[in-house]
Amino acid sequence: GFDELLEAPGKPRNSAEGLCDYFAELPSDELEARHRAVDAAIMAAGITFTVYSEAGNIDRAWPFDVVPRIIEKAEWDGIEAGLKQRLKALNLFIDDVYHEQKIIRDGVFPADVLADSKNFREACVGAKPPYGVGAHICGTDLVRDGDGTVYVLEDNLRVPSGVSYMLENRQLMKRLFPELFARYDVLPVDDYTAQLYDMLAALSPRAGDRPEIAVLTPGVYNSAYFEHSYLAQQMGAHL
């Protein structure tokens with residue numbers, strides 16, 4: 001497998017040198033104490049996810065890895081451009097299958113796959129959503145191959161979830177290792193919920209009015225309930 005931290009035993013990658021030096025300076029009991037403090041904070045904040053099993057629904061605390069993953073900006077810029085391109089292509093696909101269906105006429109996409117799709121909505125044929133966008137949020141799962149190449153495992157467009165855990169992870173990491181943020185120029189993620197609100201508000205049919213935004217949830221027993229309540233609270237939206 002590909003080791004994101006080390007390029008050889010005992011030899012950190014350039015991007016991880018500062019991180020490895022920092023951990024080397026930190027007493028082991030101090031690291032353990034900080035980890036316990038974060039685990040306690042996770043429990044106190046109720047950051048959980050539900051595991052559905054035959055034995056019932058089990059709420060589990062969000063697992064927090066004390067070793068951060070460092071992605072250099074040059075690599076991230078390439079990933080970011082690819083994700084934007086991919087989401088544009090997905091939205092063009094959605095727009096096409098509900099309108100002209102050129103992708104089927106050109107033989108790129110099999111007609112029977114669309115005909116057999118339980119997710120295709122006849123009522124949406126011909127619909128023209130604002131900006132021509134059918135998927136406003138995408139939860140893209142990324143994985144690294146053995147040679148370090150990043151691939152997309154899947155695109156979650158219908159029910160994307162997980163961003164709240166990323167945002168909470170960043171806050172916890174800041175509390176756990178504030179010194180690391182002084183060593184690294186870390187790109188911020190704090191404005192995600194503000195951007196989410198602005199994007200949803202821009203879809204309102206009444207331009208200029210403050211829109212009423214709601215987050216729909218199946219309720220407290222849903223596996224992503226923490227996320228639903230977190231996003232609603234952060235945006236000032238109804239849950």
Side-chain angles (χ1 to χ4, degrees), residues 34-69 71 80 83 86-87 90-91 94 117-121 123-124 129-130 133-143 152-177 186-205 210-239:
R34 292 195 198 188
H35 197 180
R36 283 198 303 272
V38 165
D39 284 344
I42 288 171
M43 292 301 292
I47 307 173
T48 62
F49 65 104
T50 306
V51 178
Y52 298 130
S53 69
E54 293 176 7
N57 301 341
I58 304 166
D59 263 0
R60 291 192 178 163
W62 183 248
F64 182 85
D65 188 350
V66 296
V67 181
R69 296 176 72 174
I71 301 174
E80 181 183 39
L83 291 173
R86 189 178 184 89
L87 189 53
L90 287 165
N91 269 301
I94 293 168
S117 172
K118 67 181 190 298
N119 297 310
F120 185 75
R121 296 288 179 262
C124 294
V133 173
H136 303 85
I137 307 166
C138 181
T140 307
D141 290 344
L142 301 176
V143 292
V152 171
L153 184 65
E154 63 182 13
D155 302 287
N156 296 284
L157 296 177
R158 284 183 300 137
V159 193
S161 66
V163 73
S164 62
Y165 300 110
M166 180 272 292
L167 297 172
E168 282 288 350
N169 266 26
R170 175 61 65 86
Q171 292 300 319
L172 291 166
M173 191 61 76
K174 283 180 178 177
R175 288 169 60 179
L176 186 62
F177 301 126
V186 182
L187 289 174
V189 295
D190 313 72
D191 64 341
Y192 177 86
T193 49
Q195 288 194 35
L196 180 61
Y197 177 90
D198 290 344
M199 181 272 290
L200 293 171
L203 303 175
S204 171
R210 178 181 171 83
E212 292 289 341
I213 293 174
V215 176
L216 303 182
T217 178
V220 295
Y221 297 110
N222 184 263
S223 64
Y225 180 73
F226 169 79
E227 170 125 294
H228 305 155
S229 58
Y230 176 89
L231 292 177
Q233 189 266 332
Q234 291 291 314
M235 288 193 292
H238 300 288
L239 180 64

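- Ring pair Phe226/Tyr165: centre-to-centre distance below 6.0 Å.
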Take Val133 and Leu203 through the test side-chain contact (heavy atoms from CB on, under 4.5 Å) and record every step on the way to the result. CA-CA 10 Å; Val133 173; Leu203 303 175; over 6 Å; no
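- Heavy atoms from other residues, nucleotides or ligands lying under 6.0 Å from CG of Leu216 number 12 at most.
- In this structure, CG on Leu87 lies 10.0 Å from NE2 on His136, to the nearest 0.5 angstrom.
- For the atom pair CG of Leu239 and CD of Gln233, the computed distance is 10.5 Å after rounding to the nearest 0.5 Å.
- Under the 4.5 Å side-chain criterion, counting only non-hydrogen atoms from C-beta, Met199 is in contact with Ile137.
- Atom CD1 of Ile213 sits about 8.0 Å away from atom CG of Leu196, to the nearest 0.5 Å.
- Looking at Asn91, its side chain does come within 3.5 Å of a backbone N or O of Ala135 through a donor-acceptor pair.
- For the atom pair Lys174 NZ and Asp190 CG, the distance stands at 4.0 Å (nearest 0.5 Å).
- Scanning both residues, Cys138 and Pro160, for their nearest heavy atoms gives C-CB, 4.2 Å.
- Using a 4.5 Å cut-off on side-chain heavy atoms (C-beta onward), Val38 and Val66 make no contact.
- Without hydrogens or angle criteria, Gln234 side chain to Thr193 main chain gives no donor-acceptor distance under 3.5 Å.
- Looking at Glu227, its side chain does come within 3.5 Å of a backbone N or O of Gly162 through a donor-acceptor pair.
- Considering all non-hydrogen atoms of both residues, His228 and Pro218 come closest at CE1-CD, 3.7 Å.
- Residues forming a ring-ring contact (aromatic ring centres under 6.0 Å, His included) with Phe64 (at least two apart in sequence, or on another chain): none.
- Rounded to the nearest 0.5 angstrom, Leu157 CG and Thr140 OG1 are separated by 7.5 Å.
- Within the 4.5 Å cutoff, no side-chain heavy atoms of Tyr230 are placed close to those of Ile47.
- A salt bridge does not link Asp39 to Arg34: none of the charged nitrogens lies less than 4.0 Å from a carboxylate oxygen.
- Nearest heavy atoms, Tyr225 versus Gly219: CD1-O, 3.2 Å.
- For the pair Pro68 and Met173, the tightest heavy-atom approach, listed with the atom from each and the gap, is CB-CE, 3.8 Å.
- The shortest distance between side-chain heavy atoms of Pro211 and Tyr197 falls below 4.5 Å.
- Side chains of Asp155 and Arg86 form a contact here, defined as non-hydrogen atoms less than 4.5 Å apart.
- Note that CG of Asn169 and CD1 of Ile42 are 7.0 Å apart. Values are rounded to the nearest 0.5 Å.
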